[in-house]
Each structure stands twice: as C-alpha cells, then as structure tokens.
Amino acid sequence: MGRRNRNRLLVPGARQGMDAFKADVMRQEGYAVDPNRPDDVKFEVAQSLGVPLQHGDNGNLTTEDAGRVGGKIGGSMVREMIRLAQQRLSDESNK
C-alpha cells in the first residue's frame with residue numbers, strides 16, 4: 001500500500017510555511033530538525049518515546065504507537081498556535 005497524505009491544507013502553497021512552523025516548534029521542544037526535511041523529526045520523536053518507527057514499511061506499528069508519535073508533534077504545534085494567538089490577542093488589547 002502506498003503512502004497517503006491525509007493532511008491536506010486548505011490554502012494552496014501553505015505546506016512550506018507549515019513545514020517551517022513544525023521545524024521551529026520541534027526545535028524548541030529540543031529535537032534536532034533538518035529544515036529541508038522537517039517530517040524526519042518523527043523518527044527522533046519515536047525514538048525518544050521508545051516507538052519502533054523506521055523508514056519504509058511500519059505495518060507492525062500499533063495505532064497507539066503511531067498516535068503517540070503524531071500526538072507529540074501535533075500537540076506541540078497546537079500548543080504553540082494557541083500561545084501565539086493568545087499573545088496576539090493580548091498585544092491587540094494593549095493598543
């Protein structure tokens with residue numbers, strides 16, 4: 001089975017910005033991120049969580065383990081987006 005990317009962005013051309021955001025957030029979390037390959041941070045996250053994620057076929061990976069890796073990355077990104085939105089609201093209310 002081929003890889004299917006279900007993360008479709010609504011804004012054309014936003015992928016590059018989201019990849020850069022992911023790289024910045026995960027770097028802040030203490031992970032080494034190659035800015036040219038921000039998706040590869042999932043392997044470092046998996047290793048830190050003890051999840052046996054590898055390049056290629058991961059058919060033996062449990063849904064729970066895959067969710068732990070994706071949740072760590074996505075959760076960090078969402079927390080940062082909320083922090084940025086709160087900061088923006090605070091800055092606007094102080095004008």
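By convention here, the first residue in the shown sequence is residue 1.
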Salt-bridged, Asp39 to Lys22, with N to O below 4.0 Å? yes
Rounded to the nearest 0.5 Å, what's the gap from CG on Asn58 to CG on Leu53? Could you check? 4.5 Å
Asn94 side chain to Ser90 main-chain N or O, any donor-acceptor pair under 3.5 Å? yes
Less than 4.0 Å between a side-chain N and a carboxylate O, is that true for Asp34 and Arg37? no
What are the two closest heavy atoms between Ala32 and Val41, and how far apart are they? O-CG2, 4.2 Å
When rounded to the nearest 0.5 Å, the distance separating CZ of Phe21 from CD of Glu80 is 5.0 Å
In terms of heavy-atom contacts, Met26 and Ser76 come closest through SD-CB, 4.1 Å
Non-hydrogen atoms of His55 and Asp40 that approach each other most closely: CE1-OD1, 4.3 Å
What distance separates Gln47 CD from Tyr31 OH, expressed to the nearest 0.5 Å? 10.0 Å
Nearest atoms (heavy-atom pairs only) where Arg68 meets Leu49: NH2-O, 2.7 Å
Please report the closest heavy-atom contact between Val33 and Pro35, naming both atoms and the distance. O-CD, 3.3 Å
Membership question, hydrophobic clusters at under 4.5 Å side-chain separation (ILVMFWY): are Val25 and Leu84 in the same one? yes
Contact summary for Lys42 and Val69, nearest pair of heavy atoms: O-CG1, 3.7 Å
Would you call Asp91-Arg88 a salt bridge at under 4.0 Å N-O? no
